[in-house]
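Working notes, structure below.
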Number of protein chains: 2
Amino acid sequence: MVNIGDVARAAGVARSTASYAMSGKRAVSDEVRRRVQQVALELGYTPNAGARALATSRAMVIGLLAQFLPDEFAPAMLQYIQGVTNTARDLGYDILLSSDANGTAALKRLTDSRMVDGVVLLNVAEDDERLPVLRAAAQPGALVGLPGDCTGVDVFDLDFEEAGRVMVEHLVALGHRELILVSQPQHVVERGGAYVWRLQNAAVETAAQRGVRLRTVHAAAAQPDIGRELHALLGANPEATGLLLNNEAAAAALPTVLHERRLSAPADLSVVGRYSDEFARTFSLPYSSIESAPDRLGRMAVRQLVRRIEKEIADDAPNVVRFVAPELVDRGSTAPPRPA
Amino acid sequence: MVNIGDVARAAGVARSTASYAMSGKRAVSDEVRRRVQQVALELGYTPNAGARALATSRAMVIGLLAQFLPDEFAPAMLQYIQGVTNTARDLGYDILLSSDANGTAALKRLTDSRMVDGVVLLNVAEDDERLPVLRAAAQPGALVGLPGDCTGVDVFDLDFEEAGRVMVEHLVALGHRELILVSQPQHVVERGGAYVWRLQNAAVETAAQRGVRLRTVHAAAAQPDIGRELHALLGANPEATGLLLNNEAAAAALPTVLHERRLSAPADLSVVGRYSDEFARTFSLPYSSIESAPDRLGRMAVRQLVRRIEKEIADDAPNVVRFVAPELVDRGSTAPPRPA
DNA sequence: CTGAAAGCGCTTACAG
DNA sequence: CTGAAAGCGCTTACAG
């Protein structure tokens, strides 16, 4: 491959001058700059990334630590990945994707080897074991998801508490008094998926305040179990007129279940989910939902991360914990309950 | 960070000796090796990736060029990404993920800068404009998907012709004589999605040989269009008893459509799709299908790529074009047609 | 079996 | 405005 020495020689200048002419980090005569740029183009010069990283201590790469857990719904993950990847590229960074089941080892390897200038963590758990590693690393990190301890990292997440409140208030305002909330599997909670109980606790509290009944259940995150469980649930609770879903698999499975039970929303049952618009389209879900905004969260996380990497904010600038306000996207799946 | 000089000093040896002691590329006395390894562990030494890449001309990174096209079904893409990522990690490589809409520019940048040792291309089109760039690159490339011209690259794909034949033969053997094949949108074909007509042509030919009717249509790749189109299609062709789907979105939309039309498979209609088992589970699809084997294809592509990167096969070893034989996974959605 | 040195391809103070 | 040189942290011939 052609290197900067070749460019310099062809342009008749020193390598340093060639470097400066291309980076613009030092004043260079117009003529020399033009000549260097011209020659670089002709020779098809592209700087060697490893060499540049070594010299500048900047890899221009962001590590993306995703995990495809069997009990999380993979298509929902994809949207975060897309948001992060697109934003990173716009800001000049490439994405090194790790889906290693052993997240801590992967994180340590990527940061210690200086392959990445910063990392974005997805699937963050309440007591995420990757966080100590991240705090010990020299690079900054941004999380999508709220851990118990946010020190040393920037955090972005949906305001799940508010989401729970909004979902319940919405149905209560319509006159519903018998609600069911379907959450992620118990197993997700045990693993530290705090968003499950954050939404649930807020929903329970709101229901209590409003004096309506809210039954809460954990349900499977995959077919065919989730379908069976929804069937059983609806069969056992005919009095329920409002259904809240904080479980993507349940949302995806519901249309079939309702069809089979000859129920329709909102005539027989009002339904509100929590997922992204993109998700709704992919799975053709006709239910109003709290927008989970994966693209936006991914974008926010990368933007903040890049600000830290490029020292646009002081090294010791306080970390941010930012919540996206839940927005209820109306798809017409809720209405006043049918008169008893 | 601690570097190899720190390790060498702490172990009381030369940097070269420290390097050899860790890599094992040169004989080193047992005592020295132990001491170096011990010290490296204590100091938490991890080699600097950029420096190593510069010295060895090996980044230990594979570029993964995916494209999230609006007319391809994103969840189906994810499975290829997972297959590639997992296999790469097993073989010691990290994945640099590009989902840049401008694939040729991304490919050129990644290869010219030596950020990657090789690349895997997804969404390969008949006349893929990334291929000239790849052939001009110094690094080897492996494709998932069959282009018109395979010179200079290793190619892995499902045998779509055979898939078309198997689908038709299966239904013909059951006694069906009126079939419909729903393919990807016309737009995918125009963009060079050869797998669409590879399957379709083979299906048409097989149907002709068997003397059965096969109607072919292109349909949308997203909701809600695809649902409407399936409705119209079934309404307009009540004589059809067998439905073939080479369109993931159509498969995902079909359960709802059948429900609404009060049809069920296989009682009223025999259905055969073409998607992965994982996809079937995610979307709860009860239809028998040709397994598209994204994980296996991703694995094969990475394995071959690494073989080339590591020169386990001669530089001029002939390129391979390998097809995965379609396997029909029986989910009970086909049966003899209902007597007229 | 081990060490001193060159070199990978950049960037960036240091000099002029 | 430009150049010669040092240095980033490795690996690997070259010497002994």
Side-chain angles (χ1 to χ4, degrees), chain A residues 1-37 39-40 43-61 109 111-117 138-139 310-311, chain B residues 1-37 39-40 43-61 109-117 138-139 310:
Chain A
M1 280 309 296
V2 31
N3 62 29
I4 200 173
D6 300 327
V7 173
R9 198 172 323 115
V13 298
R15 299 191 318 163
S16 53
T17 303
S19 177
Y20 286 122
M22 293 189 282
S23 71
K25 287 188 184 174
R26 183 167 90 171
V28 163
S29 75
D30 275 14
E31 204 227 311
V32 165
R33 180 168 358 94
R34 256 195 297 275
R35 202 147 29 110
V36 168
Q37 287 175 341
V39 163
L43 299 183
Y45 169 71
T46 304
N48 179 298
R52 176 175 278 182
L54 186 57
T56 62
S57 303
R58 283 280 159 79
M60 299 310 288
V61 173
R109 196 170 51 76
T111 52
D112 282 357
S113 69
R114 302 282 176 162
M115 290 186 89
V116 301
D117 302 321
Q139 298 96 330
E310 302 186 346
K311 313 274 186 206
Chain B
M1 282 307 296
V2 31
N3 62 31
I4 201 172
D6 301 326
V7 173
R9 197 171 325 116
V13 298
R15 300 190 319 162
S16 54
T17 302
S19 175
Y20 286 122
M22 294 190 281
S23 71
K25 289 189 182 171
R26 183 167 90 172
V28 163
S29 76
D30 274 12
E31 203 227 311
V32 166
R33 178 166 1 91
R34 257 196 296 276
R35 200 146 31 108
V36 168
Q37 287 174 343
V39 163
L43 299 183
Y45 169 70
T46 305
N48 180 297
R52 177 175 277 181
L54 186 58
T56 61
S57 303
R58 283 278 161 79
M60 299 309 288
V61 173
R109 195 170 52 76
L110 294 185
T111 51
D112 281 358
S113 69
R114 301 281 177 166
M115 291 186 88
V116 300
D117 302 322
Q139 298 95 330
E310 302 186 346

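Below, read A as the first sequence line, B as the second, and so on, with proteins coming before strands; counting in each chain starts at 1.
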Sugar-phosphate only, base, or nothing, as touched by B:Thr56 at under 4.0 Å among non-hydrogen atoms |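 Since only primed, P, OP1 and OP2 atoms lie under 4.0 Å of B:Thr56, the category is sugar-phosphate.
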
Segment of DNA chain D, first to last nucleotide, that comes within the 4.0 Å heavy-atom reach of chain A = D:dC1 to D:dG9

Taking only residues at least two apart or on different chains, which pairs with a member in residues 28-37 of chain B satisfy side chain to side chain donor-acceptor pair (under 3.5 Å)?
-> B:Asp30-B:Arg33, B:Glu31-B:Arg35

Give every donor-acceptor pair under 3.5 Å between a side-chain atom in residues 1-23 of chain A and any protein atom, sequence neighbours left out.
unit_1	atom_1	unit_2	atom_2	d
A:Asn3	OD1	A:Gly5	N	2.9
A:Asn3	OD1	A:Asp6	N	3.0
A:Asp6	OD2	A:Asn3	N	2.9
A:Ser23	OG	A:Ser19	O	3.3
A:Ser23	OG	A:Lys25	N	3.2

By nearest nucleotide on DNA chain D, pick out whichever of B:Ser16 and A:Thr17 is the more 5' one.
->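 Nearest nucleotide further toward 5': that of A:Thr17.
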
If you look at every heavy atom in A:Met115 and A:Ser113, which pair is closest and at what distance?
-> CG-OG, 2.9 Å

Please list, by residue number, the residues of residues 27-35 of chain A whose heavy atoms come closer than 4.0 Å to an atom of DNA chain C; answer none if no residue qualifies.
->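 Those residues whose heavy atoms fall under 4.0 Å from DNA chain C, taken from residues 27-35 of chain A, amount to none.
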
DNA chain C: stems of at least 3 consecutive Watson-Crick or G-U pairs whose donor-acceptor distances fall under 3.5 Å = C:1-3 with D:14-16, C:5-12 with D:5-12, C:14-16 with D:1-3

Only pairs under 3.5 Å count here: list side-chain donor-acceptor contacts from residues 48-60 of chain B, not counting sequence neighbours, and write none if there are none.
unit_1	atom_1	unit_2	atom_2	d
B:Asn48	OD1	B:Gly50	N	2.9
B:Asn48	OD1	B:Ala51	N	2.9
B:Thr56	OG1	B:Arg52	O	2.7
B:Thr56	OG1	B:Arg58	N	3.2
B:Thr56	OG1	B:Arg58	O	3.4
B:Arg58	NH2	B:Ile309	O	2.8

DNA chain C: 5'-proximal contact among A:Leu54 and B:Arg15 (nearest heavy atom) = B:Arg15

